[in-house]
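All remarks here apply to the structure that follows.
Each chain gets a letter, A, B and so on, in the order its sequence line appears, and its residues count up from 1.
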Amino acid sequence: MINLDSLSIELDNFKTDFTVQINRDKWVGIIGKSGAGKSTLLNLIAGFIYPDSGSLLIDNIEMKKYPPSRRPVSSLFQENNLFPHLSVYQNIALAIRPNLKLSDIEIKKISEIIEYLNLGSKTHSSIGKLSGGERQRVALGRIMSSDKKILLLDEPFSQLDPNLRVEMLELIKQIRKDKNITILMSIHTPAEAIDFVSNFLLIKDGKVCRELAPQDYKIDLY
Amino acid sequence: MKLLSKTLLIIYLSLLPAQSETNKLVVYTYDSFVAEWGPGPALEQKFEAFCECELEFVGLSDGVEILTRVMYEGKNTNADIVLGLDTNLIHKAKTTGLFDNHSLDLENLNISDRFSDDVFVPYDFGYFSFIYNSSNMVKPPSNFNELLESNISIIIQDPRTSTPGLGLLLWIKKIYGDDSARVWERLNTNILTVTPGWSEAYGLFLEGEADMVLSYTTSPAYHITYENDNTYRAAKFTEGHYEQIEVAAKLANNGNDELANKFLSFLISEDAQDIIPETQWMYPVLDDVKLSGAFEQLVNVENPLRIKSEDVYLNNEKWIREWEESLSK
Amino acid sequence: MFHIEKYRWLLPGLIASALVLSLIITSVSGIFEYANFQLIRKIINDDYIQRIISFTIYQSLLSALLSMIIALPLALTVRKYLEYRIIRFALSLAWLSFVLPVIIGVFAIIKLHGVSGWFSDISVLFGYEKLEYIYGMNGILIAHIFFNVPFATRIILFSLNTIPDELLRVTIQNNFSRWNTFTVIEWPAIRYNLFVTSAIIFSLCFTSFVVVLILGGGPKYSIIEVALYYALKIEFNINRAVSLGIIQMIIASCIVLIILSFTKSFKIEPYTKLKLKNPSIITKKAIVIDSIMLIVALFIFLLPIFALIVSCITAISYENIFANQGLHNSIYWTLVLGLSSGIVAIIISMMLLITIRKLVITHQMKWLANLLELSGNLILILPPILLGTGIFLSLRNVYNVQEIAPYIIVAINSLTVIPFTLRIIGPEYLRVSYMYDKLFNAHNIQGTTRLLRYELPILRGALATAFAVAATLSMGDLGLISLFGSTEIRTLPLYIYQSMGSYRMDNASAGIFILLALVLSIIFISEYLLGGKDD
């Protein structure tokens, strides 16, 4: 369970105050106007920015004292998730060992992930040769290999075309089922996600404004 | 496009060589001579007042550069006169064949007993010496031997790149002859550093980096006159001081020979010589010129030393090499 | 089928390259007739010259290596604190040590490190001897580090800034050690620029005449440039000077090529950058080490300049600033020549880069891209004294050199700074092209519209910095202005040097003060007003 209580940070004339509870195994879509604080919420949970006050509990453990690497969360960004000079394999492997020196078991694990993502033929390709969808799949592969149970997606597929976006959502659905992970995903096209998410959180002026059932996303968005 | 081609045309035209005027006298000299605090501006004014001509000084970086420039320009040089070579360069300058006799009578000059030349006209002179700050040093060395035995730190100039540097090399050569190499090896312990030019050395000395600096006996006159500071003094050496005489000459194919002669004779007239001491901080070549009080406080050099220009020319490379090797040990 | 229209973008680069080469050819043709291979062989076999050659190589390699060893960790640390105004301010100030005339820089170093410097005073205060460490090999290295580290740091920072924040977050989330972060993310981003910068610093130290002579302490430490200068100016032995010049060029280019062989050919920084808020996490342990490092760096690199400013302020007066026609005239020429050189350098660099970018992005004719870049950097291996002399010799029969001096000065000065402007604009331009190339193509934004309306505004920051560096480096030039300057055309460095040469230390101080003020103003105007406040 993720538990935010008055989690606040002041950024350039903008103050947040997040209070929300998210149960394990949920897939939560985060919606709201741009500038409402969607990315800030995800960054606070990931630990990339540090709150001024409030608490952040994950499974009843206060996360504020842990650096990002020791929190059970991993992130996927809109772009620039991958190191362009490393191969597909290396980009996934670095989540296990940054120096890329892996044991046989770990190598096998990476191969399985690559197969799972249907990237087998691209294992040693450089990132520059991949399509947009393939790139995000590699990034997902890294998240899978890290074995972290909470996934933060920050408008992950807005660079892709609509068909591909749905395809990626299907893939995440599959991963979620197989790996049993909790997902927080900010998204600016909620209509595409209603078949996937458990519910939406509407963010407004740095606060969690209300919780919506998937079908109700149109209500009171602005 | 039209505008562009017009602009290009203007730029092109502006790059074309200009027509030279016949009633103009071009003098190559070093830049501190023509600087606003140098003698150049006053000389120009005085000369133009009676010559009915235009006098143009071209300031180059130093005396050596003047000769280099006319050598590189050869017979096409714009220069009618060169002003600012020193006696060490005379022989080398003559070998170029670019210069013409001056036909002036130099007998009445105060240095006629030790310098006279058909081509080069002397216009000022001075003596190399070490300058110290009397508020930091009570008893300066009175000869080279005392300097060598002391732990006084000195800054000198590189003889490969500077006139005073060459002056010191010749000074030591004149006194010690074949022993010079050993003297330099001993002097090495006193040398804090060797700078490319006089300015850097004197600047470092004024910063307080070393006890003494190689300069001229006349240097303190500047500090007395402009800064009202008489703590800077020249150390008088009993062996004598090496003399630097600065000279001018006209080019053989100058544009206006009459004007060139007129300028050279003006240069050693009282009118021009009056300006020299307090702009050049050197001695004038006429005894009639009245020197300011500052000059009276300077050390008197009774025995000027000099090596013949021809010998300097012939041995320069050998002596420089000897210097480099002695100081590299 | 070959369409001329399709290859129009080749023109700017080829024209710029031709301009640069024509200047170099003008110079070379002036001295080429003096080249004599028999003489070169004789000189090479001389013990003394061999000693000088090995020392020249030794000191410049060591200087470049030390500069990079210091600049690399410094840049990595500074990067974390770029959001602090004081750090950015310090970085701008540090440009001074790179662009000031060497002679002034040396005096700044002596104010701090000299026998009569602040450190020595402190030593005496505690009852110890005066410190003389600045004269000799130490002095040469300290000066080269002082001059070059701020430059190297800036260039490395430019490269580090191309790393997108997302990737930094990936390294944070995946628990990368400091070393892993360096090897996986930072090293690939800075590698190319790091080696090119080392090569540039090496070349600068290779001909660092004034530093070696003033601080070297004597002829024991001599470099080829000194022998060249002696042959050219004192011996009038132009044959020997040209031979030495050729030897120097061959050695310098061999070593530069060896340094550059450690990097791949024209490589673009691999990342595109997207600015996010508050990217880095600064740990408490790191802050202590970082602060110590930054404070030490501030001391080493800014204290000499501070000491210089203090001593100038105490020496200036109303007379030598306001009632000083010579100074005002020098200010005028410093600005005219400096700003013109800056503008010309930027235009030529952009022309080269327009073509290079197209070649690199379309993966066509890589060799041509390399050649174009090389033509911009060629100037680095030419001995400065010989370049000027060569131009003088080949133009003297055609023109009155005195009259066209301003054009020559601007031409050579802008050529001299192109390696630096290329380094500053190049990576940024390629990055922007990669980011927006598809967008431009999709909307069919091409040619001059694309350049003027879109690319130049995006490149504003890099262009402004490059301009500041180019203009101020030209303003600080003393070598060229001594060769081509005159009574009328005199810049501040020449004014300062002449004042020093005539006992006028107070005028020199006034000149230094004004020069510092001008250089700083240009840096600040460019970086903060023209370039925006982002980077």
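The part of B:Tyr222 that comes within reach of chain C is its side chain, from C-beta onward, which places non-hydrogen atoms under 4.5 angstrom from that chain. Contacts between C:Ser120 and chain B at a heavy-atom distance below 4.5 Å are absent for every atom of the residue. Residue B:Thr279: no heavy atom, backbone or side chain, is found under 4.5 Å from chain C. Both the backbone and the side chain of C:Arg504 come within contact range of chain B, with heavy atoms under 4.5 Å apart. If you measure heavy-atom distances from B:Ile320 to chain C, the contacts under 4.5 Å come from the side chain alone. Contact annotation for C:Phe209: only side-chain heavy atoms (C-beta onward) come within less than 4.5 Å of a heavy atom of chain B. At a 4.5 Å heavy-atom cutoff, the contact between B:Leu206 and chain C is made by side-chain atoms alone. Interface residue B:Asp158: only side-chain heavy atoms are found under 4.5 Å from chain C. In this structure, the portion of B:Tyr226 lying under 4.5 Å from any heavy atom of chain C is its side chain and not its backbone.
Chain B forms more heavy-atom pairs under 4.5 Å with one residue of C:Ala227, C:Ser502, C:Ser311 than with any other, namely C:Ser502. The choice from B:Arg69, B:His223, B:Gln280 that makes the most heavy-atom pairs within less than 4.5 Å of chain C is B:Arg69. With respect to chain B, the highest number of heavy-atom pairs below 4.5 Å among C:Ser499, C:Ser222, C:Gly326, C:Ala508 belongs to C:Ser499. The greatest number of non-hydrogen atom pairs below 4.5 Å with chain B, out of C:Ile214, C:Val226, C:Leu215, C:Ile103, is found for C:Ile214. Counting heavy-atom pairs under 4.5 Å between each of B:Gly59, B:Ala35, B:Ser328 and chain C puts B:Ser328 at the top. For the set C:Tyr135, C:Tyr503, C:Tyr230, the count of heavy-atom pairs under 4.5 angstrom toward chain B peaks at C:Tyr503. Note: B:Leu67 leads B:Asn316, B:Val58, B:Leu67 in heavy-atom pairs under 4.5 Å with chain C. By number of non-hydrogen pairs under 4.5 angstrom with chain C, the leading residue of B:Pro159, B:Gly197, B:Gly208 is B:Gly208. The greatest number of non-hydrogen atom pairs below 4.5 Å with chain C, out of B:Ser153, B:Gly40, B:Ser219, is found for B:Ser219.
Atom CD of B:Glu36 and atom CG of C:Leu327 lie 9.0 Å apart (nearest 0.5 Å). Between B:Glu325 atom CD and C:Arg51 atom CZ the span is 6.5 Å, to the nearest 0.5 Å. Taking CH2 of B:Trp37 as the reference point, atom CG of C:Asn507 lies at 5.5 Å (rounded to 0.5 Å). The distance from the NZ atom of C:Lys111 to the CD atom of B:Glu209 is 9.0 Å, given to the nearest 0.5 Å. How far CZ of B:Arg321 is from OH of C:Tyr48: 6.5 Å, rounded to the nearest 0.5 Å. Annotation: the span from C:Glu132 atom CD to B:Thr193 atom OG1 amounts to 10.5 Å, rounded to 0.5 Å.
Residue B:Glu317 qualifies as open at atom CD: its count of foreign heavy atoms under 6.0 Å is 12 or below. In this structure, B:Asn151 places its CG atom where only 12 or fewer heavy-atom neighbours from other residues, nucleotides or ligands lie under 6.0 Å away. Residue B:Glu48 places its CD atom among more than 12 non-hydrogen atoms of other residues, nucleotides or ligands, all under 6.0 Å distant. Residue-environment remark: OH (C:Tyr58) stays at or below the threshold of 12 foreign heavy atoms within 6.0 Å. Annotation for B:Lys94: atom NZ counts as buried by contact number, over 12 foreign heavy atoms lying within 6.0 Å.
When all heavy atoms of B:Val194 and C:Gly217 are compared, the closest pair comes out as CG2-O, 3.8 Å. Shown here for B:Trp198 and C:Met500, the closest heavy-atom pair between the two residues is CZ3-O, 3.3 Å. Of all heavy-atom pairs spanning B:Ser199 and C:Gly501, the tightest one is OG-CA, 3.1 Å.
Proximity of B:Arg160 to C:Leu213: side-chain heavy atoms (C-beta onward) are separated by under 4.5 Å at one or more points.
In this model, no donor atom of one side chain and acceptor atom of the other lie less than 3.5 Å apart for C:Gln498 and B:Ser32.
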